[in-house]
2 protein chains.
Amino acid sequence: MTKPPTRIQTRNRAAILSAGLDVFSQFGFRGATLDQIADAAGLSKPNLLYYFPSKESIHTALLERLLDTWLDPLKALDGTGDPVQEIIAYAQRKLTLSRDYPRESRLWANEILQGAPRIEDTLRTDLKTLVDEKAAIIKAWANDGKIADVDPHHLIFSIWAFTQHYADFDVQVRAVLGEKAPYDGASVFLDTLYAKLLQP
Amino acid sequence: MTKPPTRIQTRNRAAILSAGLDVFSQFGFRGATLDQIADAAGLSKPNLLYYFPSKESIHTALLERLLDTWLDPLKALDGTGDPVQEIIAYAQRKLTLSRDYPRESRLWANEILQGAPRIEDTLRTDLKTLVDEKAAIIKAWANDGKIADVDPHHLIFSIWAFTQHYADFDVQVRAVLGEKAPYDGASVFLDTLYAKLLQP
DNA sequence: CGTTGTTTTGACCACTTGGTCAAATGCAAG
DNA sequence: CTTGCATTTGACCAAGTGGTCAAAACAACG
């Protein structure tokens, strides 16, 4: 019988996860330090370790929370509605995710860049299954002549690549664009790109 | 009057840079350790520091070498030749770069992810200037009706994003594709994508 | 061979790192 | 107020970190 968390527990655990997200997403697992995270969370290091037993456990907690929310948009892509609009809507949803959750995007990017030691199994099973399933739907649309015949896997990669680019390479995008806001232009471009590509 | 490097110097410096590239590209600057690099280079740590005075100096040497080769393809894009083919050729060149130099791509990605502390100035000046210049060429093509009217900056971002994705997210791409080779399909997809997008 | 400059190394150092622990503090309910 | 639990902390530790240094091993050349 597990006890319900106290108010303090709820607050501090949330603070730690947010601080961990800040630090891990910028420096990766190995580059992050507990002192940094403790500082960012406004707690002492021993206090931090009172709530999470180890550095690893904070990272794991973040990755688990991330996985669900990260794959949700793709799960939402189903056979109902106009195929071209469905795919564009999916891409727009992913772009919004990049804009609203850039730290999460970078945490993911860091994990993959480092060889995905902690989630490689999940990628090979859960992610592959999900992508193959959605690729089959897209392939069926192509076979029915409802969209242009393009490789569904690379189509999905291109959506991931483009949308996550704005979160992961944020500094570079802003350095190049100067004052211009990135996401409005990206959204328009994305619309045109996939409308033209998928038009049967 | 600087002396020419001995054979041993040439060999060891190259070994260190290659080892540094391996380690920095996987773990980022902070996550990498001199012991790792020394191991990978087959040298002792003090020996490594005989050739480079500090961890930072290895990293800097790598970034400098990278900058040139990384921007070369974009520099090569000029006004001669068929506009659509020019842009597609640029994208293909970048894809080849990702396939042949994935470590360099990941080193860049790591640097940007960490906020580009060491190259932010270069991004704001050299990179922005170069991109703005090429964007102007593309914009002129659009105004002449030679290609479709799309935002040149986001067009360039999309090329970077898509091509670098195959190097930076290699583990994920391979996990999803299984046995299939990534780059052939990517090349075909890329061709279709930009041909359709840019067709006036 | 010996001499001279290059390369390599073992021992070492100060500092940082992830993590522990006992003791101190805060706090809520009886 | 006090009892009991949740929370916080200072002191500490072993291992790892970037980096130094003097001495040893090596290479080249006359």
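Each chain gets a letter, A, B and so on, in the order its sequence line appears, and its residues count up from 1.
Side chain of A:Gln9, nearest nucleotide from D:dG18, D:dA6, C:dG10: D:dA6. When distances run from any side-chain atom of A:Pro46 to the nucleotides C:dT8, C:dG18, D:dT9, the shortest one goes to D:dT9. Looking at the side chain of A:Arg30, the nearest of the listed nucleotides C:dT9, D:dA11, D:dT17 is D:dT17. In this structure, the nucleotide among D:dA6, C:dG18, C:dT8 sitting nearest to the side chain of A:Leu34 is C:dG18.
Annotation for B:Asp121: atom CG does not count as buried by contact number, only 12 or fewer foreign heavy atoms lying within 6.0 Å.
Here A:Ala38 lies out of heavy-atom contact (under 4.0 Å) with every strand.
Shown here are the side-chain contact (heavy atoms from CB on, under 4.5 Å) partners of B:Pro200, two or more places apart in sequence or in another chain: there are none. Evaluation of the side chain to side chain donor-acceptor pair (under 3.5 Å) rule for B:His165 yields no partner, not counting sequence neighbours. A search for side chain to side chain donor-acceptor pair (under 3.5 Å) contacts involving B:Glu56 returns B:Arg118, not counting sequence neighbours. Evaluation of the ring pair (Phe, Tyr, Trp, His ring centres under 6.0 Å) rule for B:Phe24 yields B:Phe29, B:His59 as partners, not counting sequence neighbours. B:His153 pairs by the ring pair (Phe, Tyr, Trp, His ring centres under 6.0 Å) definition with nothing, not counting sequence neighbours. B:Glu120 is linked by a side chain to side chain donor-acceptor pair (under 3.5 Å) to B:Arg124, counting only residues two or more places apart in sequence or in another chain.
Look at B:Asn47 and you'll find a side-chain N or O under 4.0 angstrom from OP1 or OP2 of C:dT9. OP1 or OP2 of C:dT8 has not a single side-chain nitrogen or oxygen of B:Tyr50 nearer than 4.0 Å. Contact annotation: A:Ser44 side-chain N/O to D:dT9 OP1/OP2 distance is under 4.0 Å. For the pair A:Thr6 and D:dT7, the criterion of a side-chain N or O lying under 4.0 Å from OP1 or OP2 is met.
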Under 3.5 Å, which donor-acceptor pairs link side chains of residues 157-164 of chain A to any protein atom two or more places apart or in another chain?
unit_1   : atom_1 : unit_2   : atom_2 : d
A:Ser158 : OG     : A:Leu155 : O      : 2.7
A:Ser158 : OG     : A:Tyr194 : OH     : 2.7
A:Trp160 : NE1    : A:Tyr90  : OH     : 2.9
A:Thr163 : OG1    : A:Ile159 : O      : 2.7
A:Thr163 : OG1    : A:Trp160 : O      : 3.3

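The side chain to side chain contact (heavy atoms under 4.5 Å, CB included) test with A:Asp126 is passed by exactly one of A:Thr129, A:Thr122, A:Leu123: A:Thr122.
Computed from coordinates, the B:Ile16 CD1 to C:dT8 P distance equals 9 Å when rounded to whole Å. In this structure, the CZ atom of B:Arg13 is 12 Å from the P atom of C:dT6, given to the nearest Å. In this entry the distance linking CG of B:Leu43 with C1' of C:dT6 reads 14 Å, nearest Å. Taking atom CG of residue A:Leu48 and atom P of nucleotide D:dT7, one finds them 14 Å apart after rounding to whole Å.
Across the helix from C:dC1-D:dG30 to C:dG30-D:dC1, the helix axis at one end is tilted relative to the axis at the other end by 10° (nearest 10 degrees, each axis from five pairs).
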Sort me out a list of protein N/O and nucleotides 14-16 of chain C N/O pairs below 3.5 Å, or just none if empty.
none

Which pairs, protein N/O on one side and nucleotides 23-30 of chain D N/O on the other, fall under 3.5 Å?
none

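For residues 52-64 of chain B, proximity to DNA chain D is found at B:Ser54, B:Lys55, defined as any non-hydrogen atom under 4.0 angstrom from a strand atom.
Residue pairs meeting the ring-ring contact (aromatic ring centres under 6.0 Å, His included) criterion with at least one partner in residues 120-139 of chain A, sequence neighbours excluded, are absent.
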